[in-house]
Amino acid sequence: GEFSNLTLLPIGENLVTNSIPSSVGNLTSLLRLALYQNKLNGTIPSTVGNLTNLKIMEMKNNSFTGSLPESFSALENLVLLDVYLNQLTGTVPSFVSNMLQLQYLDIYENKYHGTIPSYLGNLHFLRYLYLGKNALTGTIPDMFANLQNLVSFYANTNKLVGTVPSSFSQLPNLQFLFLHENGLFGNLDKVFNSSVQKKMKNVILYDNKFTGNLPEQLFNISSVEVVDCGNNCLDGALPQTICASKSLKTLALDGMCAAPHCRNYLFPGLSTYILRNTLSNGIPQCLLELPQLETLHISGNGVSGSLPPYATLSDTFTDLALSQNFITGELPLYIQTRKWSSLDLNNNRVRGTLSPDFVEQSSTAQLKLANNRLSGPIPESIIDATGTVSILDGNLFECNYLKSDLPEEDNKRNSYECGSNTFNLSMYVWLGVALIMIGILSIYAVGNRDSVVAICKLISSVLISQAHLLDEWDLPGPGAEG
């Protein structure tokens with residue numbers, strides 16, 4: 001009785017336990033029910049449906065179970081319904097179709113199943129729609145033409161299939177489109193329209209089955225800041241419009257044409273495969289020079305050729321991942337002479353030596369250059385690095401016999417065989433064996449000039465092959481300082 005005129009019940013973030021009492025339904029003047037971030041559990045009582053004046057219901061981050069009661073159909077004045085991060089079950093409630101004033105609907109990270117209902121397209125005021133991290137199935141209905149106010153649509157981490165509706169391209173206020181970790185397929189050509197979607201910021205589409213090209217229209221949108229299309233089956237080419245994305249901060253395309261369902265496995269039951277598509281046009285200089293770029297990930301796409309020899313990188317650019325490709329040539333100085341939060345060129349064919357001016361990295365930085373064709377001395381800045389270091393495995397760096405000039409943070413340090421020393425020792429052993437064999441064979445070849453000539457030719461051909469090997473890896477030959 002005495003609380004019947006209460007309009008606000010703000011008990012969020014108070015570690016309240018137990019369940020919601022049914023008496024909450026007596027607070028018929030309530031406009032806002034804020035129970036978020038507590039330790040409430042059990043089912044939500046049907047008496048909440050008596051709160052017909054309610055505009056805001058915040059119940060996120062609790063442990064509610066069961067389904068939302070059908071009595072919620074009476075809550076026609078709701079503007080915000082937030083039950084994010086609970087354990088609610090059932091299908092997307094049908095009573096939502098009565099909430100025509102709704103601007104914010106969040107059922108993210110629950111246990112909802114079934115399909116996305118098309119009646120959500122009738123909620124013309126809807127601005128934020130969060131359906132991700134459930135177990136929703138079926139296709140995304142083509143319902144978005146009427147949702148002209150929509151800012152965010154999250155349907156990630158479900159079990160959705162089918163194509164992405166073209167009606168997304170008609171949404172002038174859309175800024176965040178998160179569809180990752182589903183089974184969506186088809187091309188993306190009609191999903192983006194730079195003349196309409198002028199506010200788009202983040203597009204997250206990784207872990208699907210998309211095919212076709214990266215859409216040029218997406219990169220024509222001047223406001224785009226984050227694009228992640230990794231782990232799909234897209235054709236291997238970067239659109240020319242990508243260099244027009246002056247606001248782009250993060251571009252993540254790891255495995256964009258290498259998802260498991262678009263690999264050609266060489267032998268049944270084995271993990272060895274080749275890519276149907278590769279990133280055929282390499283890494284353009286203009287991409288590296290985008291003024292707002294912070295993160296560039298293009299690992300695992302079969303990129304070939306060398307990196308641009310010269311580029312002027314933005315001060316914000318600190319995270320570069322190009323591992324699992326076929327990049328050749330030397331590591332450009334503009335890569336070696338800047339601080340990185342993460343630099344990953346593992347598993348390529350980069351050759352040559354590292355600059356003695358290689359910049360010292362921070363204690364939290366990650367430096368990964370393993371399994372390339374690098375040789376020569378290791379720069380002091382890497383030897384003394386305190387962050388994550390992985391450069392020894394698969395390379396042939398020089399070092400002394402005590403290995404004191406190897407980076408302590410590289411876990412291959414103790415087992416590493418120094419490039420020049422190991423090679424020199426094996427070369428000396430080989431030459432010793434060869435000389436012995438010459439002596440032995442010469443005894444049998446005495447008086448037989450043809451045999452001596454044949455032996456000399458054989459030894460000469462082996463020595464030439466060794467010389468070619470040294471040239472290929474840029475290794476010091478016998479007698480070089482190491």
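Note that the numbering runs from 1 along the sequence shown for the chain.
Within the 3.5 Å criterion, the main-chain N or O of Ser323 finds no donor-acceptor partner in the side chain of Asp344. With hydrogens and angles ignored, the 3.5 Å screen pairs no side-chain donor or acceptor of Asn202 with any backbone N or O of Phe176. Of the possible polar contacts, one joining the Asn232 side chain to the Asn208 backbone as a donor-acceptor pair under 3.5 Å is found. In this structure, the side chain of Arg373 does not engage the main chain of Asn348 through any donor-acceptor pair within 3.5 Å. Not one N or O on the side chain of Asp384 forms a donor-acceptor pair closer than 3.5 Å with the backbone of Ser381. Listed for the Asn149 side chain is no donor-acceptor partner under 3.5 Å among the backbone atoms of Leu126. A donor-acceptor pair under 3.5 Å links the side-chain atoms of Tyr334 to the main chain of Pro308, judged by distance alone. Put simply, the side chain of Asn158 gets close to the backbone of Asn134: a donor and an acceptor are under 3.5 Å apart. A donor-acceptor pair under 3.5 Å links the side-chain atoms of Asp106 to the main chain of Tyr108, judged by distance alone. Panel note: side chain Asn110, backbone Asn86; a donor-acceptor pair is recorded below 3.5 Å.
Between Tyr104 and Tyr128, the ring planes are tilted. Angles from 30° to 60° get that label. Using a 30° and 60° split on the angle between ring planes, Phe178 and Tyr154 fall in the parallel class, below 30°.
Judged purely by distance below 3.5 Å, without hydrogens or angles, the side chains of Ser355 and Gln336 never pair a donor atom with an acceptor atom. Ser167 and Asp142 are linked by a side-chain donor-acceptor pair at a separation below 3.5 angstrom, with hydrogens and angles left out of the test. A donor atom on one side chain and an acceptor atom on the other are found under 3.5 Å apart for Asn173 and Lys199. Under the 3.5 Å distance criterion, with hydrogens and angles disregarded, no donor-acceptor pair is assigned to the side chains of Asn372 and Asn395.
Counting heavy atoms from C-beta outward, Leu205 and Phe210 have side chains that approach closer than 4.5 Å. Under the 4.5 Å side-chain criterion, counting only non-hydrogen atoms from C-beta, Thr65 is not in contact with Leu88. Looking at heavy atoms from C-beta onward, Leu80 lies in side-chain contact with Glu58 at the 4.5 angstrom threshold. Contact annotation: the side chain of Leu105 never approaches that of Tyr130 to less than 4.5 Å [non-hydrogen atoms, C-beta and beyond]. Counting only heavy atoms from C-beta outward, the side chains of Ile116 and Leu131 approach each other to under 4.5 Å. Put simply, the side chain of Leu120 does not reach to within 4.5 Å of the side chain of Leu147, judged on heavy atoms. Between Asn346 and Asn371 there is no side-chain heavy-atom pair separated by less than 4.5 Å. At least one side-chain heavy atom of Leu331 sits less than 4.5 Å from a side-chain heavy atom of Leu345.
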Using a 3.5 Å cut-off and no angle test, enumerate the donor-acceptor pairs between side-chain atoms of residues 218-227 and protein atoms at least two apart in sequence or in another chain.
unit_1: Ser223; atom_1: OG; unit_2: Lys198; atom_2: O; d: 3.1
unit_1: Ser223; atom_1: OG; unit_2: Met200; atom_2: N; d: 3.2
unit_1: Ser223; atom_1: OG; unit_2: Met200; atom_2: O; d: 2.6

Might you work through the side chain to side chain contact (heavy atoms under 4.5 Å, CB included) test for Leu188 and Thr163, ending with a clear yes or no?
CA-CA 8 Å; Leu188 300 166; Thr163 59; over 6 Å; no
Show, in sequence, the C-alpha distance, side-chain angles and deciding distance for Asp228 and His297, and conclude whether the side chain to side chain donor-acceptor pair (under 3.5 Å) test is met.
CA-CA 9 Å; Asp228 189 342; His297 286 197; over 6 Å; no
Are Ile391 and Leu374 close enough, and set up right, to give a side chain to side chain contact (heavy atoms under 4.5 Å, CB included), and what steps lead you there?
CA-CA 9 Å; Ile391 70 166; Leu374 297 169; over 6 Å; no
Could you walk me through whether Thr295 and Leu293 pass side chain to side chain contact (heavy atoms under 4.5 Å, CB included), step by step?
CA-CA 6 Å; Thr295 298; Leu293 194 63; over 6 Å; no
With side chain to side chain donor-acceptor pair (under 3.5 Å) as the test, would you mind laying out the steps for Ser342 and Gln366 before giving the verdict?
CA-CA 5 Å; Ser342 180; Gln366 298 185 44; 4.5 Å; no
Can you check side chain to side chain contact (heavy atoms under 4.5 Å, CB included) on Cys399 and Ile378, steps first, answer last?
CA-CA 8 Å; Cys399 65; Ile378 298 174; over 6 Å; no
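One distance of note links CG of Leu296 with NZ of Lys249; it measures 16.0 Å at 0.5 Å rounding. To the nearest 0.5 angstrom, Gln292 atom CD is 10.5 Å from Lys246 atom NZ. Summarising the geometry, atom OG1 belonging to Thr211 is positioned 11.5 Å from atom NZ belonging to Lys209; distances are rounded to the nearest 0.5 Å. If you take OG1 on Thr157 and CG on Asn182, they are separated by 7.0 Å, rounding to the nearest 0.5 Å. Interatomic distance, OH of Tyr416 versus CG of Asp410, reported as 9.0 Å (0.5 Å rounding). Taking CG from Leu313 and CH2 from Trp340, the interatomic distance works out to 5.5 Å, rounded to the nearest 0.5 Å.
The environment of Gln148 atom CD is dense: over 12 non-hydrogen atoms of other residues, nucleotides or ligands sit within 6.0 angstrom. By the 6.0 Å contact criterion, CD on Glu360 is open, its count of non-hydrogen atoms from other residues, nucleotides or ligands being 12 or less. Atom NZ of Lys403 sits in a crowded spot, with more than 12 heavy atoms from other residues, nucleotides or ligands closer than 6.0 Å.
Contact between Ser306 and Gly329 at its shortest, heavy atoms only, is CB-CA, 4.2 Å. Gly300 and Ala258 make their closest contact through O-CB, 3.5 Å (heavy atoms, listed as atom of the first residue, atom of the second, distance). Here the closest heavy-atom approach between residue Asp189 and residue Asn213 is recorded as OD1-O, 4.3 Å. For Gln361 against Arg338, the heavy-atom pair with the smallest separation is NE2-O, 3.1 Å. The two residues Gly282 and Pro284 make their nearest non-hydrogen contact at O-CD, 3.4 Å. Between Leu136 and Val92, the shortest heavy-atom contact is CD2-CG2, 4.2 Å.
Phe168 has its ring centre no less than 6.0 Å from the ring centre of Phe192.
Cys243 has its SG atom within less than 2.5 Å of the SG atom of Cys286.
Residue His180 forms a side chain to side chain donor-acceptor pair (under 3.5 Å) with just one option from Asn231, Asn156, Asp207, and that option is Asn156.
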